[in-house]
Amino acid sequence: MQITPYITEKQIQKKIKQLAREIQKDFKKDIHCIVILDGAMVFFADLMRELKKLNLNITYESMKVKSYDGTNSTGKINLQLDATKVKNKDILIIEDIIDTGLTAEFIINHLKKKKPKSLKLCALLDKKERTNTNADYVGFEVPDEFLVGYGLDYNEQHRDLPFIGILKS
Ligand code: IMP
Ligand code: MG
């Protein structure tokens with residue numbers, strides 16, 4: 001397996017500042033973020049601090065879903081940890097990457113039942129070729145390759161890279 005660098009650490013950090021400004025335009029003061037574990041936690045940690053610089057007040061909790069096995073989506077979504085503080089809040093879902101869009105669709109439908117005041121989705125990466133996106137904010141459109149780094153894993157490896165790379169065998 002080989003990793004070819006695709007998005008640099010610097011590009012990621014610049015994009016996060018842009019995303020924070022976009023988000024700030026739509027939310028008034030309080031945002032309750034739902035971080036989709038495990039992949040989105042690295043992205044969220046950086047995004048949250050940029051949002052704070054723009055005077056937004058962030059609270060958060062996590063949800064955990066699993067759909068991938070190795071480099072393939074299994075098509076079945078398994079909810080392993082649910083969010084509990086959604087009712088009447090302005091919610092921003094934080095996802096690492098959208099591929100088929102099934103995970104995002106599942107999460108949105110699931111959270112809508114909990115009666116949030118509003119619900120938006122922010123994804124760092126979107127494989128646009130493969131899906132009609134359900135994200136309100138997207139960092140980078142990416143090709144239909146398997147990406148690792150900055151929270152994204154291949155069988156739990158490579159989440160610790162500060163950049164995003166393409167994994168090839
Ligand atoms: P979807 O349901 O097909 O949109 O898949 C979304 C989930 O699959 C993401 O939350 C990731 O956890 C995982 N995933 C999709 N593509 C990749 C990738 O290229 N690298 C690592 N994880 C991925
Ligand atoms: Mg994920």
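Source: prediction; values computed, not measured. Both ligands and their constituent atoms are indexed starting at 1 by order of listing.
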**OP:** Would you please determine whether Asp153 falls within less than 4.0 Å of ligand 1 on a heavy-atom basis?
**Re:**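 Yes; Asp153 lies near enough to ligand 1 that a heavy-atom distance drops under 4.0 Å.
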
Original post:
Does ligand 1 have an atom under 4.0 Å from some heavy atom of Gly101?
Top reply: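 It does, in that a heavy atom of Gly101 comes within the 4.0 Å cut-off of ligand 1.
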
Original post:
Do any nitrogen or oxygen atoms of Ile98 come within less than 3.5 Å of a nitrogen or oxygen of ligand 1?
Top reply: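 Min N/O separation from ligand 1 is not below 3.5 Å for Ile98.
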
**OP:** Go through the structure and list residues passing salt bridge (Lys or Arg N to Asp or Glu O under 4.0 Å) with Glu9, not counting sequence neighbours.
**Re:**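 Result, salt bridge (Lys or Arg N to Asp or Glu O under 4.0 Å) vs Glu9: none returned.
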
Original post:
Distance from Leu119 atom CG to Lys114 atom NZ, nearest 0.5 Å?
Top reply: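 Leu119 atom CG to Lys114 atom NZ measures 12.0 Å (nearest 0.5 Å).
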
**OP:** Starting at CG of Asp38, measure out to CG of Asp153 and round the result to the nearest 0.5 Å.
**Re:**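 It comes to 7.5 Å.
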
In ligand 1, which numbered atoms sit nearer than 4.0 Å to a non-hydrogen atom of [X]?
X	answer
Glu95	10 (O)
Lys127	16 (N), 17 (C), 18 (C), 19 (O)
Thr100	1 (P), 2 (O), 3 (O), 4 (O)
Leu147	18 (C), 19 (O), 20 (N), 21 (C)

Original post:
Which of these, Ile97, Thr103, Asp38, has its nearest heavy atom closest to atom 2 (O) of ligand 1?
Top reply: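 It is Thr103 that holds the nearest heavy atom.
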
Original post:
Taking a hydrophobic cluster as the set of Ile, Leu, Val, Met, Phe, Trp and Tyr residues connected by side-chain heavy atoms closer than 4.5 Å, whether directly or through intermediates, do Met63 and Leu121 fall within one such cluster?
Top reply: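 Result: yes, single cluster for both.
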
Original post:
Is it true that Glu156 and Arg159 make a salt bridge, defined as a side-chain N closer than 4.0 Å to a carboxylate O?
Top reply: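 Salt bridge present between Glu156 and Arg159.
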
Subject >> Phe27 and Tyr137 aromatic ring geometry - parallel, tilted or perpendicular at 30°/60° bounds >> reply: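 Tilted.
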
For residues 160-169, which side-chain N or O atoms pair as donor and acceptor with protein atoms under 3.5 Å away, sequence neighbours left out?
none

**OP:** Examine the proximity of ligand 1 to Glu145 and report which part, side chain or backbone, both or neither, has a heavy atom under 4.0 Å away.
**Re:**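 Backbone only; the side chain of Glu145 stays clear of ligand 1.
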
